[in-house]
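This report refers to the structure that appears directly beneath it.
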Amino acid sequence: MDVEAKVKEIIIDKLGVEESQIKPEASFTNDLGADSLDIVELVMGFESAFNISIPDEDAEKISTVGDAIKYLKEKLGQ
Amino acid sequence: MNKRRVVITGIGVITPIGNNVQEFWEGLISGRNGAGPITKFDTTNFVTKFACEVKNFDASIYIDKKEMKRMDIYTHYALAAAAMALEDSQLDLSKINLELAGVVFGSGIGGIQTFEDQHTQFMQGGPKRISPFFVPMMIPDIAAGQISIKYGLKGPNYSTVSACATSSHAIADAFILIQRGSADIMFSGGSEYPITPMSVGGFNSARALSTWNDRMMEASRPFDKDRNGFVMGEGGGLVVLEELEHALNRGAKIYAEIVGVGLTGDAYHITAPPPGGEGAVRSMKEALRDAGVDPTVVDYINAHGTSTELNDLNETIAIKSVFGDHAYKLAVSSTKSMTGHLLGAAGAVEAVATALAIKNSIVPPTINLDEPGEGLDLNYTPKVAVKKEINYAISNTFGFGGHNASILFKKFEE
């Protein structure tokens, strides 16, 4: 599975942002307009799409698009 | 000290017979029928397969697409009605004291579709699958919150819940808040999105809905001898209430004045009205007392008129108890014959109907009324609208739980 493409798709769906805004350094809260509830939903979207479980302590460290892709790739052993 | 006067300066509606005020009013006076087959879910195993649905509603006209997904549709209706009413009022939000502008806006059930969707998620995937937006989408007060967030209204902000009397209680509270000086402007009303499997199934189990699937266009027939239950509707209504001087100072157009409210409890049964509509008698009397007027001034009653056996009989008896001989001189009608029963939104939509009836000197009809039931001998304005000067009008709503609200409107005169 193309992790990057899937992550982008989920972010677009959950946060209602344009693809052009999704850069590795983009912060979910500062750049993509997410609030705390959006972050929870985003993480749930990742869990569901990749069929994994993301503990809260891990989720707290994911603050940018790049963080999410790196974390998920590691988690999936890629 | 004289009481501060409260007038209606803006209105907005989303209903099964029109998605804005003009369509709604044209529908009301032409006897438009909002009924049709339920399209929102598969009704195969349901006793009732029809309702009065809102048609061709596009929430994205009023709400950002991202925000839309975080709201139940009852809140879409609320924000649509608010946007229309604000535009209609021509209020300039940059020129008013927003701390004295509030929202009292209710829903009888709240986000029951959201509840059903999220419960399905839970059953399929366990508690971790429940959306973080579940609670703030579902709760019945969130529409009031969303309206205030959208427009920056920082005055009193809450929701009322009293089943089918919900939005009349909202309007009553907003009226009282302005009258006592807690606010100058109130956005008030209610919305409902109740045509869902659990809601239709539940009302069917309570034997409250009409089951005339083969005669659905004739099913909502208040006061008729063959009435057999209500027809569910959906939508929302919002009135901008404003302190009179505030309205006059900015040259606002005024639809009507609210001059009295009567709020009572039956203390009798969870769903049935007491014999003689005793609670309704007191709510209408209280509205008249609150305004300090004689019953004989009333020209029109927009009845609760649900098309159920018990409501229509008891409301008729109640009207006769309050008005005596004058009951036969005033006009009564149930606009639910056209819109269906919007539950928590009924009071708001019917407040709009009543204000427009006063403003236009036209009584909307009770369609489908072929032959009144036994003991139902008032002038229910059958079939066609009637031209009539209306100086005072009452809108009645009564809710499961024995909650009664009567609001007294008056033609505006300085």
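Order of the sequence lines fixes the chain letters, A, B, ..., with proteins taken first and strands second; residue numbering starts at 1 for each chain.
For A/S36, no part lies under 4.5 angstrom from a heavy atom of chain B.
Residues A/D38 and B/F133 are in side-chain contact: their nearest non-hydrogen atoms beyond the backbone lie under 4.5 Å apart. Annotation: side chain of A/M44 is not in contact with side chain of B/Q121 (no heavy-atom distance under 4.5 Å).
Other residues, nucleotides and ligands place more than 12 heavy atoms under 6.0 Å from the CG atom of A/D2. Applying the 6.0 Å contact sphere to CD of A/Q21 captures more than 12 heavy atoms from other residues, nucleotides or ligands. Around atom CD of A/E18, no more than 12 heavy atoms belonging to other residues, nucleotides or ligands sit under 6.0 Å away. By the neighbour-count criterion of 12 heavy atoms within 6.0 Å, atom NZ of B/K55 is densely surrounded, having more than that number from other residues, nucleotides or ligands. Heavy atoms of other residues, nucleotides or ligands lying less than 6.0 angstrom from NZ of B/K40 number more than 12. Within a 6.0 Å radius of CD in B/Q22, other residues, nucleotides and ligands contribute 12 heavy atoms or fewer.
Remark: A/K14 NZ to B/R70 CZ distance equals 8.5 Å, nearest 0.5 Å.
Between B/P132 and the options A/I39, A/V40, A/V43, a side chain to side chain contact (heavy atoms under 4.5 Å, CB included) holds for only A/V40.
Salt-bridge annotation for A/D13 and B/K66: absent, with no side-chain N of the basic residue lying under 4.0 Å from a carboxylate O of the acidic one. In this structure, A/E47 pairs ionically with B/K128, as a charged nitrogen and a carboxylate oxygen lie closer than 4.0 Å.
When all heavy atoms of B/P136 and A/L37 are compared, the pair lying nearest together is CG-CD1, 4.2 Å.
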